[in-house]
Every structure is written in C-alpha cells, then in structure tokens.
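Labels below follow one simple rule: chain letters A, B, ... track the order of the sequence lines, proteins then strands, and each chain is numbered from 1.
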2 protein chains.
Amino acid sequence: MKETAQYLLALYIAEQRRSPPIPSGHLAEMLDRSPAATTEMLQRLESEKLVDREPYHGAMLTETGRERGEELHETYVALSWFFRTVLDLDSHEQEAMEMAGLMSQSVAQRLVTLLLDENEQPNPSVDTRQDNH
Amino acid sequence: MKETAQYLLALYIAEQRRSPPIPSGHLAEMLDRSPAATTEMLQRLESEKLVDREPYHGAMLTETGRERGEELHETYVALSWFFRTVLDLDSHEQEAMEMAGLMSQSVAQRLVTLLLDENEQPNPSVDTRQDNH
DNA sequence: GCTACTATTTAGGCAAACCTAAATTATAAG
DNA sequence: CTTATAATTTAGGTTTGCCTAAATAGTAGC
C-alpha cells in the first residue's frame, strides 16, 4: 500500500499542469507503468475515496486525495531541493517522487521545515554545490 | 526485492554484536517479522549467494553479502546521523534501516560523504538541534 | 454515420513478502 | 537416555502490485 502514494503525487502534479480529469495513460507514462497497472491502481484509490474516476476519460483527486497529494508534493519538493542543493545531485526528481511516499510523517515534516528555514535565512555552508548561483 | 536489503543490514549488524551464525528468530525480532517470513527470506538470500544458512542454527553473510551489508550499514549510519543531527529527530533508527535499502547508490554515497565531511570540519549551522553536546 | 485507429479496461497470471498453523529439529532437565 | 519445551522450518494461503493479451469504448476522417 506504499505505491499508492506515487499515483496520488503524480495525479496531483498532473492536475497542476493540465485540467482534470487526467487520462490514465498520462499517469502510466509519468510513472513508467503499464496502462493496465494504472487503471487498477486508480480503481483501488477510487474505492478508498481518494480519487474520482470517469471510466475511459480519466481520474481526478477528491478533496481527501488532494490533501494527501499536497503533503506528498511538499515532501517531494523538499526532497528535490535536498538532492540538488545539499547533495549536489541533479536529475533525481524521480527518486524524490518515490521516496516522498515512503517517509514517515515526522521525517517528511522536518525536511519541509528545513527547506522553509533555509529559504528564510540562507546558510551558504548548507549548499555544498561548487558553483551555486 | 527491496525488502531483502533489510535482512542483509540486520544480519550485518547482528554479526557485529554476537558471533555468527545468527538464529533466524533473532533477525525476526530485529525486523518485527514472523519467524517463518525470516526463514523464507534467508532461503532466498542463500539462493542469491548472499548468506550461508545452517538450518535450525542460523545464517551468516557470505563475502558478497558482507560487502553489500557494509554499504547498507554506512548508509544506515549516515541516515541516522542525518535524522538526529540535521532533522533533530530521535528514535528513527528503524526508519533509517528501512530507508537505507531504498535509496539509489548515488544518493546513499553522497549522504555518506556529507557525514564524513561534517565530521572532518564540523559546521554548527548544519546541526539544527537546540542543545547539542 | 461508418470505419479505422487509439486509448482504456478487463481477464488471467505471476512474483514478492507476509501470515498462521502444523511439522520437525534441537536442547535442556531429570 | 528419554521427554518436554523451545526454536525453526514447511505447508498453505493472502495481499499488493505488476504484466501481457484480449475486449471494449471513444474519436477522427471520410
């Protein structure tokens, strides 16, 4: 039941870029899964009242699903920032998406706080990149 | 095939504290799994030549298994340090064990490097704890 | 408004990990 | 040395998440 998070996050992100409902094929591509796997997972999420589905057209987050998706997105952004700025690693957005759903609430929350603090009063020594501008 | 890492790491840690072979029941307790699940996983690891098993007595890492276990342990230590010192979270060793096996090589490696750098020339502003001594 | 094409869903199967209960093996006590 | 107890393994089953192939629904061109 951990993989569900990835679909919620992908759906959340997709809904920011195009208007719902999001075709299952689009999610399948984002997550590198078969269309069939995506349909199946969306049905599971629907039964958990996290998404609304319009068969053959697409899916969209319910209110509850959007709340969860937003949390995941915050964590995802914080993780991406951490990978890029602290660990000096590019192109790790996919891993950030995967990990966002695997961390405990407390770790996720502290990580988000860390990013916010860092944006408020930047601390150059935290940014380990060679050339940060 | 991601859960296997946890057993390797637990076995690696157990082997530091007591002499091999490590009874499956001991691993089961460390990982909060049933004895049956542990036996099954050890058999799988054995078929992958990562552990040697002595039925009804216990298991020990092979050379290959120990290499992998050591990597996982480094990552685990770095993660524990990160949780405690950067995120100011205690009692997250269990989560560190779980996550150690889920991260990519590159992220794990950078995290370990970060810890080593930090030990060489400590940077107080990275340690976000209120009272660190 | 058909028809051909594309996208989605359904059907059927598989592998990884887990569990409980039953069987087996090891061990400790008398 | 035998037996009772404790630990481990085997047997049988479940859930999650994935896949391919077949069926179905939607859509665009004529």
Side-chain angles (χ1 to χ4, degrees), chain A residues 1-11 14-15 17-61 65 68 72 94-95 97-103, chain B residues 1-11 14-15 17-61 65 68 72 94-95 97-103:
Chain A
M1 193 150 272
K2 274 307 178 51
E3 302 298 307
T4 55
Q6 280 194 69
Y7 290 83
L8 284 178
L9 175 52
L11 192 46
E15 285 190 0
R17 311 205 177 292
R18 44 147 101 199
S19 72
I22 306 298
S24 59
H26 184 66
L27 293 174
E29 239 186 67
M30 287 180 78
L31 297 167
D32 195 30
R33 300 278 134 77
S34 72
T38 305
T39 295
E40 188 191 9
M41 185 61 93
L42 286 174
Q43 288 169 342
R44 211 173 315 164
L45 289 170
E46 183 180 41
S47 80
E48 291 170 34
K49 306 246 187 292
L50 292 167
V51 318
D52 282 332
R53 233 167 57 82
E54 296 172 32
Y56 292 100
H57 292 280
M60 57 196 302
L61 293 164
R68 179 75 187 117
L72 287 165
Q94 200 57 46
E95 185 165 359
M97 280 188 73
E98 288 164 24
M99 285 190 51
L102 299 174
M103 312 194 320
Chain B
M1 194 155 270
K2 275 306 181 47
E3 302 298 307
T4 56
Q6 281 194 68
Y7 291 82
L8 285 178
L9 175 52
L11 192 45
E15 285 190 2
R17 310 206 176 292
R18 44 146 102 198
S19 72
I22 307 297
S24 59
H26 184 66
L27 293 175
E29 239 186 67
M30 287 179 78
L31 297 167
D32 196 30
R33 301 276 135 77
S34 72
T38 305
T39 295
E40 188 190 10
M41 185 61 92
L42 286 174
Q43 288 169 342
R44 210 173 315 164
L45 289 171
E46 184 180 40
S47 80
E48 291 171 33
K49 305 247 187 292
L50 292 168
V51 317
D52 283 332
R53 234 167 56 84
E54 297 172 31
Y56 292 100
H57 291 282
M60 59 197 300
L61 294 165
R68 179 73 185 118
L72 288 165
Q94 200 58 46
E95 185 165 358
M97 281 188 72
E98 288 164 24
M99 286 191 50
L102 299 174
M103 312 195 321

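The CG atom of A/Asp32 sits 13 Å away from the C1' atom of D/dC19 (whole-angstrom rounding).
B/Glu15 pairs by the side chain to side chain donor-acceptor pair (under 3.5 Å) definition with nothing, not counting sequence neighbours. Remark: B/Arg44 engages no residue in a side chain to side chain donor-acceptor pair (under 3.5 Å) (not counting sequence neighbours). Applying the side chain to side chain donor-acceptor pair (under 3.5 Å) rule to B/Glu95 yields the partners A/Ser104, B/His92; only residues at least two apart in sequence or on another chain are considered.
Counting only residues at least two apart or in different chains, salt bridge (charged side-chain N to carboxylate O under 4.0 Å, His left out) contacts with residues 51-60 of chain B comprise B/Glu46-B/Arg53.
At D/dC19, one or more side-chain N or O atoms of A/Ser34 fall inside 4.0 Å of OP1 or OP2 (strictly under the cut-off).
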Quiz item: If the sugar-phosphate is the primed atoms plus P, OP1 and OP2 and the base is the rest, what is the B/S/- string for nucleotides 5-17 of chain C, using protein heavy atoms under 4.0 Å?
Solution: ---BBB-----SB
Less than 3.5 Å apart, which donor and acceptor atoms pair up between the side chains of residues 19-34 of chain A and the rest of the protein, not counting sequence neighbours?
unit_1  : atom_1 : unit_2  : atom_2 : d
A/His26 : ND1    : A/Arg18 : NH2    : 3.4
A/Ser34 : OG     : A/Ala37 : N      : 3.1

